[in-house]
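Quick note: residue numbers are just sequence positions, from 1.
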Amino acid sequence: MFTRYRTLISFNIFMIVMYTALRFFLLIHSHIASGISFADIMRVFGFGFMFDMSFILYFNIIFSLLFFIIPDFLWQTKVIRGFIQLLLFIMTFCIGLGMIAEILFWNEFHARFNFITIDSLIYTNTVLKDVWHNYHIIWITAILLAVVIVVYYLLQKIFFKVYNQRSTYISRFPYLLIYIILIGGCFLLVDQDVRDVVSDDSYICELASNGPYQLFSAFRNNTINFSKFYNTLDPKQAKTIVAKDIMEYNSTDVDSSRFGVERKIINNPKHLRKPNYNVVLITVESLSAKDMTYAGQKENITPFLDTVSKQSYFFNNFYATGTRTVRGLEAITLSMPPTPGRSIIKRIGYQSKWNSLGGILHDRGYDSVFFYGGKGFFDNLNAFFLGNKYRKFDANDMPDSEPENAKTSWGYADEFVFKHMINQANNDYKKHKPFFFHIMTTSNHKPYTIPSGRISQKARYDAGGVLNPRHSTVKYTDWVIHNFMDNAKKQPWFKNTIFLILADHTNHASGHTTLPIWRYHIPFIIYAPSIIKHPRTIKTLSSQVDVAPTLLGILGFNYNSTFFGKNILNMSNQQGRAFISTYQKLGYIDHNNNLSVLMPNFHNIIHLTPTPHHPLTKPQQKSLLNLTISYYQNASEVYTQHKKDTNNRLLK
């Protein structure tokens, strides 16, 4: 006789069955079932069962205590019975809702719940609008409710039997003890690190995970201490390695005592008077290299960008550092490799007073402004930019006179933000003040809402005749930039302005490798027809950390640098490298596309792509790994020191 614990055991079995069914569905839905081995399938469901049980035990700990504590005379009352039935019904509905959310999340990111889900929970209003526009929420909820009612009705026979059984504290104690032992075992033996060693295939690791378990793990692991969870080198050795690798012909000796990166960059050795060129930096939401023709796009969805790339410095071997907007903005603004955990932008209290691109230009008399069509509280953007010598212009600064079709679920459509950016540029021009404007677009993001009349109905369909909302917004974004450039050409400041166009990240960044390189591939264009006399395509491998040094090189500024990036125009192909990452996996790509990945729990992976003439030997592998460790170790030390300095300022 299970006494009242039979209810909990039955409910746990039901949860196991449902989570296993979800895992099987995701496996089939991912179209990879035929490409994985029987051993991989065993790992998926074996480790999956372990994670499911861990979450279920944590989930039920309060109920196991209640079932033990409630005395018999209360247990059999209608109030307690009604309360337990209602509670179990709500729990069943929440589990079903969570499973649907996991399927939707998987369709978007090909991953179980993670830090992105945490952001979604924080910014509920924006995300709910997104979901409401993309999915038939009313029908989904109604169907789920009907299914839960049927399932709950079938379980009632078990519940009613339990209500009529009597039990004593002594008879219930063994079941409580078993729960405590199992929960203790999960706490000691099962954690996020176990998931990362399931397989080198990230899909296998994701399928083996439990979404709710991942969600709570994301809450707990928003920042990670590099020295405690990653392989490290002797600090002096790490600084020396970075100092040597980061050295450029126009930089003074690196101060290896300060993280291996502090140096003086001399772009103008004779200190000749040069014009203060204006700068407009356009960061495009979710623009992949594959959206443009140079990377294989055949449907002509970026006609303007394809054209302007041939009239510019065009970097066709360029990569995003991460998979979120804040990672891209962090790398572009601070020229810093990603540190494990959340972006620095999201680390409230420690996101200010950095040596930023806008700060350097601000100190030279520029009007540094961050433009954003959404509300800048999202992702802590306003606090970050305002704390690093920028002004801001976001949805809250838009005048009420804008037409109704200007608004989207994210704030305002891009074209209206560009319009106000031109107005601000004209104001600065009248004041003889150079400007640096950094705009973050929003339209190329779900729910892909754009003003009517900009994209034809025919253009909303792909070559196969299928409605493709994302392609529509890519076309719209291309139209917006084209329209902005046409308007900018009419302004007196155009000939004296440098335009940079790049993406914050791609629209998809998951795959079978630990860090799929090609899914970080983004375009980078520097357009200035009156300034760049000899447009060309630059094939040197580079990433978003190199944007700031490259721009400052073109501007001809001498400056004190704490940047980890380098001027791409000064780099040979053999000096090319790129940083890519997720929240916990930190990657470094060398010029031969060899990928070194650092993972928590001192786990490292190297994916080799050697050529027949240049095989990567074991000593070279060690050298690549040491270089990877050195960069990320130093970046983490920079953040740690900044955190200490911030705390000291607060104490004073």
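In this structure, the side chains of Q544 and I522 come closer than 4.5 Å at one or more pairs of heavy atoms. Between L586 and V597 the shortest side-chain heavy-atom distance does not fall below 4.5 Å. Between P340 and F226 there is a side-chain heavy-atom pair separated by less than 4.5 Å. Side-chain contact between T442 and E285: absent, with no pair of heavy atoms (C-beta onward) separated by less than 4.5 Å. A 4.5 Å side-chain heavy-atom check between L515 and T582 finds at least one atom pair inside the cut-off. Between E248 and I265 there is a side-chain heavy-atom pair separated by less than 4.5 Å. Counting heavy atoms from C-beta outward, L598 and T628 have side chains that approach closer than 4.5 Å. Inter-residue side-chain proximity for W106 and E206 is flagged as met; some heavy-atom pair is nearer than 4.5 Å.
Using a distance-only test at 3.5 Å, with no hydrogens or angles considered, a donor-acceptor pair links the side chain of D590 to the main chain of N592. Judged by distance alone, the side chain of D245 and the main-chain N or O of V242 form no donor-acceptor pair under 3.5 Å. Panel note: side chain S335, backbone A331; no donor-acceptor pair is recorded below 3.5 Å. The main-chain N or O of S251 is never found under 3.5 Å from a side-chain atom of R263 such that the two would form a donor-acceptor pair.
Taking a 6.0 Å sphere around CG of L188, one finds it holds more than 12 heavy atoms contributed by other residues, nucleotides or ligands. Heavy-atom contacts from other residues, nucleotides or ligands closer than 6.0 Å to NZ of K264 number more than 12. Within 6.0 Å of the OH atom in Y58, the count of heavy atoms belonging to other residues, nucleotides or ligands exceeds 12. Heavy-atom neighbours of F24 CZ from other residues, nucleotides or ligands within 6.0 Å: at or below the threshold of 12. A 6.0 Å sphere centred on CD1 of I348 holds no more than 12 heavy atoms belonging to other residues, nucleotides or ligands.
In this model, a donor atom of one side chain and an acceptor atom of the other lie less than 3.5 Å apart for S37 and D40. With hydrogens and angles left out, the side-chain atoms of N210 and Q214 include no donor and acceptor closer than 3.5 Å. Between the side chains of T506 and H521, no donor N or O sits under 3.5 Å from an acceptor N or O. Between the side chains of N573 and T540, at least one donor N or O sits under 3.5 Å from an acceptor N or O.
Shown here are the side chain to side chain contact (heavy atoms under 4.5 Å, CB included) partners of P338, two or more places apart in sequence or in another chain: T321, R327, E330, F579, S581, Y632. Scanning for salt bridge (Lys or Arg N to Asp or Glu O under 4.0 Å) contacts around D504 gives an empty result, with sequence neighbours left out. Residues satisfying the salt bridge (Lys or Arg N to Asp or Glu O under 4.0 Å) criterion with E102, sequence neighbours excluded, are R112. Applying the side chain to side chain contact (heavy atoms under 4.5 Å, CB included) criterion to S64, with sequence neighbours excluded, gives Y5, L8, I61, L176, Y179. With sequence neighbours left out, K392 forms a salt bridge (Lys or Arg N to Asp or Glu O under 4.0 Å) with D394, D397.
In this structure, OG in S352 is found 11.5 Å from CD1 in I344, a value given to the nearest 0.5 Å. Summarising the geometry, atom CD1 belonging to I517 is positioned 5.0 Å from atom CG belonging to N593; distances are rounded to the nearest 0.5 Å. Taken from NZ in K539 to NE2 in H591, the straight-line distance is 15.5 Å, to the nearest 0.5 Å. The line from CZ of F59 to CE of M91 is 4.0 Å long, rounded to the nearest 0.5 Å.
Using cut-offs of 30° and 60° on the angle between ring planes, the pair Y19 and F55 is perpendicular. Under the 30°/60° scheme for interplanar angles, the aromatic rings of Y631 and F564 are found to be tilted.
Residue Y390 forms a ring-ring contact (aromatic ring centres under 6.0 Å, His included) with just one option from Y372, F384, F385, F370, and that option is F385.
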Please determine whether side-chain contact (heavy atoms from CB on, under 4.5 Å) holds for the pair Y520 and H505, giving the CA-CA distance in whole Å, both sets of side-chain angles, and the decisive distance to 0.1 Å.
CA-CA 7 Å; Y520 288 79; H505 54 82; over 6 Å; no
Give the intermediate values and the outcome of side-chain contact (heavy atoms from CB on, under 4.5 Å) for residues T339 and V638.
CA-CA 10 Å; T339 51; V638 168; over 6 Å; no
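Applying the salt bridge (Lys or Arg N to Asp or Glu O under 4.0 Å) rule to pairs touching residues 574-584 yields D546-R577, sequence neighbours excluded.
Remark: aromatic rings of F51 and Y213 are close, center separation under 6.0 Å.
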